[in-house]
Amino acid sequence: MNQDKFTHIYRLPTATQIRIAKWQQTFNGTSDLIIHKAIEVRNKQYRKPNFFLTGWSVNLFDKNDISITHHGKYIQTAMRTMLDRKVSYKRIYLSRLPMEEAEPALARFKSEWIAKHNHVARKYNQIKKKEFLRYAREEEETLYPSIPKGEFDKSLWNRLVVSELGPQKKFDNPYFVKKSKV
């Protein structure tokens with residue numbers, strides 16, 4: 001076998017090493033048997049519930065981390081649209097609503113959005129992790145690199161949004177927020 005590149009596995013001159021973030025393990029030797037053992041150990045790390053490879057998952061948002069910025073005539077918060085996850089901003093103009101009502105209303109709006117986004121993101125991450133683990137198992141069986149670079153799957157995300165939250169026509173905003181109107 002030539003110097004194939006496996007995800008998180010590195011061939012050193014006399015050893016094979018697995019490096020995943022701060023965790024690492026080294027095996028003496030570079031033969032196919034050692035590579036196979038390294039792949040098995042790496043896959044055990046991949047199976048851990050809190051492991052998500054960059055590009056293969058969507059980050060969850062924390063409900064306690066809502067930032068609202070003040071811009072004189074309006075306040076806003078950054079969000080993503082539910083379909084396609086495009087970056088967007090939800091604004092409330094202070095000429096329409098006084099500050100003491102606008103800020104809590106925007107916080108409630110974002111809080112509802114976070115709950116819906118995280119619900120869909122958990123399903124998305126679960127599906128993508130299963131797909132990722134299939135590629136990792138394939139590498140273990142064939143000793144040939146087969147894990148592709150992770151990319152956001154827009155069509156899977158959009159299908160999950162519609163199946164979990166309902167069609168876009170049901171909502172009057174691109175964030176799929178219904179209860180906390182502003």
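Count residues from 1 along the sequence.
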Check whether any side-chain heavy atom of Ile75 lies under 4.5 Å from a side-chain heavy atom of Arg91, and answer yes or no. no
Modelled atom types, side-chain donor and acceptor of Ser57 and Asn59, under 3.5 Å: no
Tell me, with the steps shown, if His70 and Glu103 meet side chain to side chain contact (heavy atoms under 4.5 Å, CB included). CA-CA 10 Å; His70 300 262; Glu103 201 162 344; 3.3 Å; yes
With rounding to the nearest 0.5 angstrom, report the CD to NZ distance, Glu151 to Lys128. 8.5 Å
Of all heavy-atom pairs linking Leu165 and Lys170, the shortest is O-NZ, 3.3 Å
How long is the straight-line distance from CD of Gln45 back to CG of Leu53, given to the nearest 0.5 Å? 13.0 Å
Return the minimal non-hydrogen interatomic distance between Met99 and Pro104, and the atom names on each side. O-CD, 4.2 Å
Assess the pair Phe6 and Tyr144: is the distance between their ring centroids shorter than 6.0 Å? no
Flag the pair Ile39 / Ile9 as yes when at least one side-chain heavy-atom distance between them is below 4.5 Å, and no otherwise. yes
Nearest 0.5 Å please: distance from the OG1 atom of Thr81 over to the NZ atom of Lys90. 13.5 Å
Take Ile114 and Ile66, measure what side chain to side chain contact (heavy atoms under 4.5 Å, CB included) needs, and give me the verdict at the end. CA-CA 9 Å; Ile114 286 173; Ile66 296 175; 3.9 Å; yes
Pair Arg42, Thr7 - check side chain to side chain contact (heavy atoms under 4.5 Å, CB included), show working. CA-CA 9 Å; Arg42 179 204 65 184; Thr7 306; 4.2 Å; yes
Sidechain N-carboxylate O distance under 4.0 Å for Glu112, Lys116: yes
Mind listing the closest non-hydrogen atom pair of Ala38 and Thr16 along with its distance? CB-CG2, 4.1 Å
Between Asn158 and Asp84, does a side chain to side chain contact (heavy atoms under 4.5 Å, CB included) hold up when you go through it step by step? CA-CA 6 Å; Asn158 289 345; Asp84 300 338; 2.6 Å; yes
Under 3.5 Å: donor-acceptor pair, side chain of Lys110, backbone of Ala78: yes
Are side-chain heavy atoms of Phe51 and Phe132 found at a separation under 4.5 Å? yes
Taking it one step at a time, do Asp153 and Ser155 satisfy side chain to side chain donor-acceptor pair (under 3.5 Å)? CA-CA 6 Å; Asp153 187 348; Ser155 62; 3.0 Å; yes
How far does NZ of Lys123 sit from CG of Leu160, to the nearest 0.5 angstrom? 8.0 Å
One should read off an interatomic distance between His8 NE2 and Ile147 CD1, to the nearest 0.5 angstrom, of 8.5 Å
Are the side chains of Tyr46 and Lys129 in touch, meaning some heavy atoms are under 4.5 Å apart? no
Partners meeting salt bridge (charged side-chain N to carboxylate O under 4.0 Å, His left out) with Asp62 (sequence neighbours left out): none
Just jot down the ring pair (Phe, Tyr, Trp, His ring centres under 6.0 Å) partners of Phe27, sequence neighbours excluded, or say none. none
Please tell me whether Val162 and Met82 are part of a single hydrophobic cluster in this structure, the criterion being side-chain heavy atoms less than 4.5 Å apart. yes
Leu94 and Gly72 have their tightest heavy-atom pair at CD1-O, 3.4 Å
Is Asp172 salt-bridged to Lys178, cutoff N-O under 4.0 Å? no
Find out if a path of hydrophobic residues (ILVMFWY) with successive side-chain heavy-atom gaps under 4.5 Å connects Ile20 to Tyr10. no
Could you state whether Trp23 and Trp56 fall into the same hydrophobic cluster, counting links through intermediate Ile, Leu, Val, Met, Phe, Trp or Tyr residues with side-chain heavy atoms under 4.5 angstrom apart? yes
Run the ring-centre check on Trp113 versus Phe61 and record whether the distance is less than 6.0 Å. yes
Would you indicate whether the side-chain heavy atoms of Val177 and Phe171 approach each other to under 4.5 Å? no
For the residue pair His36 and Glu140, confirm or rule out a side-chain donor-acceptor distance under 3.5 Å. no
Let me check something: do Leu83 and Tyr89 share a hydrophobic cluster, defined by ILVMFWY side-chain heavy atoms less than 4.5 Å apart, either directly or through other members? no
Just one of His119, Arg159, Arg122 clears the side-chain hydrogen bond (donor to acceptor under 3.5 Å, both in side chains) bar with Glu164, so which one? His119
Lys179 side chain reached by Arg108 side chain, heavy atoms, under 4.5 Å: no
Contact between Lys37 and Leu33 at the side-chain level, heavy atoms closer than 4.5 Å - yes or no? no
His117 and Tyr175 aromatic centres sub-6.0 Å: no
Measure the shortest side-chain to side-chain distance between Val58 and Phe52 over non-hydrogen atoms and say whether it is less than 4.5 angstrom. no
Would you call the rings of Phe152 and Trp157 parallel, tilted or perpendicular, taking 30° and 60° as the class edges? tilted
Just how far is it from atom OG of Ser146 to atom CD of Glu141, taken to the nearest 0.5 Å? 9.5 Å
State plainly whether one hydrophobic cluster holds both Leu143 and Ile34, where clusters connect Ile, Leu, Val, Met, Phe, Trp and Tyr through side-chain heavy atoms under 4.5 angstrom apart. yes
Here the pair of heavy atoms bringing Ala121 nearest to Leu60 is CB-CD2, 3.4 Å
Which heavy atom of Ala105 sits nearest to which heavy atom of Val182, and what is that distance? CB-CG1, 3.5 Å
